[in-house]
Amino acid sequence: MEQSRIEQFREQLLKEKERLEGDLSESAVKTDGHWETKRQQFDEAGRFEEEERADEVEEYENEASVDRQLETQLADIAAALQKIEAGTYGVCEHCKKEIDETRLSANPAARAHITCYLTTDTL
C-alpha cells in the first residue's frame, strides 16, 4: 500500500479517535487508561419512588454498555495507529495477508480481511 494512502487512513483514525473521546467524555471519565461511566446520584434518602430509582439504574446500565462499545472502538483505533507506526498496518491479524483497501476505507481500524473476520470469532 502506498504511504500516502496509509497517511490518509492515519488521519481518518485520528479524527475518529477524537470524536469517540469527545462522545465518551460526555458520559464517562478516563481513569487509569480506561473509561468509566459516570455514576448517577441516586436518592439515598428515599425521596424517590422505587420505580424512579430502577429507571436511573437502567439508564446507567445502558450508558455503561454504550461506553464499553466506544472504548472498544478506541482500542481498535489505537491498535491500528500502532500498526501504522510499526509498518504493519493493513495486514490481517489472522492469515497475515494484506487487507483490501476497500475494507480499510470502510473501517480503517479493521484488523482482518473480510473472510477471516467472518470466519474467526477471536478478532
Side-chain angles (χ1 to χ4, degrees):
M1 185 181 325
E2 292 181 20
Q3 188 61 36
S4 63
R5 191 69 175 123
I6 291 173
E7 188 57 32
Q8 289 174 344
F9 288 130
R10 182 182 170 284
E11 291 301 317
Q12 280 181 269
L13 289 162
L14 289 171
K15 285 179 185 175
E16 183 65 4
K17 178 181 182 234
E18 184 177 327
R19 184 191 69 77
L20 290 170
E21 288 176 337
D23 289 352
L24 268 169
S25 68
E26 292 177 14
S27 61
V29 177
K30 191 171 187 177
T31 56
D32 298 326
H34 294 284
W35 292 87
E36 297 207 20
T37 302
K38 295 175 186 172
R39 298 191 189 278
Q40 297 187 8
Q41 299 298 321
F42 297 110
D43 179 37
E44 295 177 13
R47 293 178 297 222
F48 296 127
E49 297 295 320
E50 187 174 318
E51 185 175 310
E52 289 174 318
R53 286 192 300 261
D55 288 344
E56 289 177 351
V57 169
E58 182 179 3
E59 185 177 329
Y60 171 80
E61 289 173 347
N62 291 337
E63 282 289 329
S65 176
V66 170
D67 290 347
R68 282 190 301 274
Q69 291 172 352
L70 294 176
E71 188 172 11
T72 297
Q73 291 174 343
L74 271 175
D76 289 344
I77 288 171
L81 290 168
Q82 287 176 341
K83 288 177 184 182
I84 289 173
E85 295 302 316
T88 59
Y89 179 74
V91 176
C92 177
E93 289 181 3
H94 183 68
C95 71
K96 308 301 181 213
K97 293 180 182 175
E98 190 170 313
I99 300 171
D100 186 67
E101 277 192 51
T102 304
R103 173 143 169 79
L104 292 173
S105 293
N107 179 9
R111 299 167 50 192
H113 61 71
I114 196 69
T115 304
C116 286
Y117 177 77
L118 294 173
T119 59
T120 307
D121 55 342
T122 59
L123 295 177

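We're numbering straight along the sequence, starting at 1.
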Exercise. Please list all pairs passing the salt bridge (charged side-chain N to carboxylate O under 4.0 Å, His left out) test where one or both residues lie in residues 23-33, with sequence neighbours left out.
Key: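 Checked against salt bridge (charged side-chain N to carboxylate O under 4.0 Å, His left out) - neighbours excluded - the pairs reaching residues 23-33 are R19-D23.
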
Quiz item: Can R103 be said to sit on top of Y117's aromatic six-ring, NZ or CZ under 6.0 Å from centre and within 45° of the ring axis?
Solution: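 Output yes; distance and angle both within limits.
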
Quiz prompt | Criterion side chain to side chain contact (heavy atoms under 4.5 Å, CB included) on E93 and K83, from CA distance to verdict | solution = CA-CA 11 Å; E93 289 181 3; K83 288 177 184 182; 2.4 Å; yes

Anything under 3.5 Å between a donor and an acceptor, one on a side chain of residues 64-73, the other on a protein residue two or more places apart or in another chain? List them.
from	atom 1	to	atom 2	distance (Å)
D67	OD1	S27	OG	2.7
D67	OD2	S27	OG	3.3
D67	OD2	T37	OG1	2.6
E71	OE2	H34	ND1	3.1
E71	OE2	W35	N	3.2
T72	OG1	R68	O	3.0

Between [atom1] of [X] and [atom2] of [Y], what distance do you get to the nearest 0.5 Å?
X	Y	atom1	atom2	result
L81	L13	CG	CG	5.0 Å
L14	I84	CG	CD1	7.5 Å
M1	I6	CE	CD1	5.5 Å
S105	Q8	OG	CD	8.5 Å
R111	H94	CZ	NE2	12.5 Å
N107	I77	CG	CD1	8.5 Å

Quiz item: Is there a path of hydrophobic side-chain contacts, each under 4.5 Å between heavy atoms of I, L, V, M, F, W or Y residues, that connects I114 with F9?
Solution: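 Different clusters.
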
Quiz item: Which atom names give the shortest non-hydrogen contact between P108 and A80, and what distance separates them?
Solution: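 Scanning both residues, the minimum pair turns out to be O-CB, 4.0 Å.
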
Quiz item: Any ion pair linking E7 and R10 (charged N to carboxylate O, less than 4.0 Å)?
Solution: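 A salt bridge links R10 with E7.
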
